[in-house]
Amino acid sequence: MSYPQFYELVCKRYSCRDFDAQHPVDDALVRAVVETAQLAPSACNRQPWRFVAVRNEAVRARMLAKSRPAFMDAPVLLVCLGDHDEAWHRPSDNKDHTDVDIAIAVEHICLAASALDMATCWVCSFDVEAVREALELPAHLEPVALIPLGFANPESAQPAKIRKPVDDILTWETL
C-alpha cells in the first residue's frame, strides 16, 4: 500500500452514528478486523486486550440501558477490554499502559473496518458497571471502549472532518 492509499483510508474513517441495521456483518469480517488488533504493537508486547463481539440484543440492551442506545443499530458491538494484570507498567512512575495499548489496537480495528467499507465509532461514554454485569466480567478486565461495527446507513452523509492545522499541533525541537 502506498502512502496516498493509506492517507485516503485515514480520511475515509469517521465516527459513524447511523448504521444500516438491515446489513449484517458476518463472522469472517468481525474476525478480519480483530486480527488487525492482534498485530498492533503494545508496551513490551504484553497485548493486554480482549475483545467481545456482542450481537445479542438483550445483552446489548442491558449494556446500554444507561448509555448510548443509538448504537443498537450496529449489527455488532465490540467490547474492548483491558487486562491490567497483563499490562506493562512504566518503572519510573508505574504508569499502567493498558489504555495506550488498547487505543492502538482499537484504531487498527477502525482502520481495518474502513478498508472493508464498514463503519465504526469509538464510544467511551458508557456505564462501565452495566457492561461488566451484562458480560459477567472478572475484576481484572476493564471495559475501555465500545466499538459499534457495521455498515453505514447509505442515506447518511459522512460528516466533514474539522481538524486543527498541522502547524497548531507540530513544533520543532521545543514547544
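Computation of the quantities below employed the complete heavy-atom set of this structure, encompassing side-chain atoms and omitting hydrogens, waters and symmetry-equivalent molecules. Since this is a predicted model, take the numbers as computed values, not measurements.
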Subject >> Closest non-hydrogen atom pair, Ala40 against Trp49 >> reply: O-CH2, 3.5 Å
Original post:
Hey, are the side chains of Asp83 and Thr98 touching, using non-hydrogen atoms and a 4.5 Å cut-off?
Top reply: no
Subject >> Interatomic spacing from CZ in Arg46 to CG in Asp85 - rounded to 0.5 Å >> reply: 11.0 Å
**OP:** Give a yes or no on this: more than 12 heavy atoms of other residues, nucleotides or ligands lie within 6.0 Å of atom CD of Glu8.
**Re:** no
Original post:
More than 12 foreign heavy atoms under 6.0 Å from NZ of Lys161: is that the case here?
Top reply: yes
Result block: side-chain N/O donor-acceptor pairs under 3.5 angstrom for residues 143-150, not counting sequence neighbours:
none

Subject >> Linked, directly or transitively: Phe6 and Ile104 (ILVMFWY side chains, under 4.5 Å) >> reply: no
**OP:** Evaluate side-chain contact (heavy atoms from CB on, under 4.5 Å) for Leu78 paired with Ile109, printing each intermediate quantity in order.
**Re:** CA-CA 10 Å; Leu78 281 178; Ile109 287 171; 4.0 Å; yes
**OP:** State, to 0.1 Å, how close Ala152 and Tyr14 come at their nearest heavy-atom pair, and which atoms those are.
**Re:** CB-OH, 3.4 Å
Original post:
With clusters built from Ile, Leu, Val, Met, Phe, Trp and Tyr whose side-chain heavy atoms come within less than 4.5 Å, directly or transitively, what are the remaining members of the cluster of Trp88, listed by chain and number?
Top reply: none
Subject >> From Asp99 atom CG to Glu142 atom CD, the distance as rounded to the nearest 0.5 Å >> reply: 6.0 Å
Original post:
Apart from Leu170 itself, what residues make up its hydrophobic cluster when side-chain heavy atoms of I, L, V, M, F, W and Y under 4.5 Å apart count as a link, directly or indirectly?
Top reply: Val166, Trp172
Original post:
Mind checking whether Thr36 and Leu111 have side chains closer than 4.5 Å, heavy atoms only?
Top reply: no
Donor-acceptor contacts under 3.5 Å from residues 129-141 side chains, at least two apart:
| unit_1 | atom_1 | unit_2 | atom_2 | d |
| --- | --- | --- | --- | --- |
| Arg132 | NH1 | Pro138 | O | 3.2 |
| Arg132 | NH1 | Leu141 | O | 2.9 |
| Arg132 | NH2 | Leu141 | O | 3.1 |

**OP:** Give every residue pair that meets the side-chain hydrogen bond (donor to acceptor under 3.5 Å, both in side chains) criterion with at least one member in residues 103-118, sequence neighbours excluded.
**Re:** Lys12-Asp117, Arg13-Glu107, Glu107-Trp122
Subject >> Test item: Leu64 and Leu77 side chains (from C-beta on) under 4.5 Å apart, heavy atoms >> reply: yes
Original post:
Can Val100 be reached from Ile102 by stepping across I, L, V, M, F, W or Y side chains whose heavy atoms are under 4.5 Å apart?
Top reply: no
Going by atom type alone, with no hydrogens or angles, which donor-acceptor pairs under 3.5 Å involve a side-chain atom of residues 50-58 and a protein atom two or more places apart or on another chain?
| unit_1 | atom_1 | unit_2 | atom_2 | d |
| --- | --- | --- | --- | --- |
| Arg50 | NH2 | Glu86 | OE2 | 2.7 |
| Arg55 | NH1 | Val25 | O | 2.8 |
| Arg55 | NH2 | Val25 | O | 2.8 |
| Arg55 | NH2 | Asp27 | OD1 | 2.7 |
| Asn56 | OD1 | Ala58 | N | 2.9 |
| Asn56 | OD1 | Val59 | N | 2.9 |

Original post:
Is any side-chain heavy atom of Leu29 less than 4.5 Å from a side-chain heavy atom of Phe151?
Top reply: yes
Subject >> Distance (rounded to the nearest 0.5 Å) between Asp20 CG and Met118 CE >> reply: 13.0 Å
Original post:
Would you say His84's side chain and Gly82's backbone share a donor-acceptor pair under 3.5 angstrom?
Top reply: no
Original post:
Do you know the tightest heavy-atom contact between Cys16 and Ala119?
Top reply: CB-CB, 3.5 Å
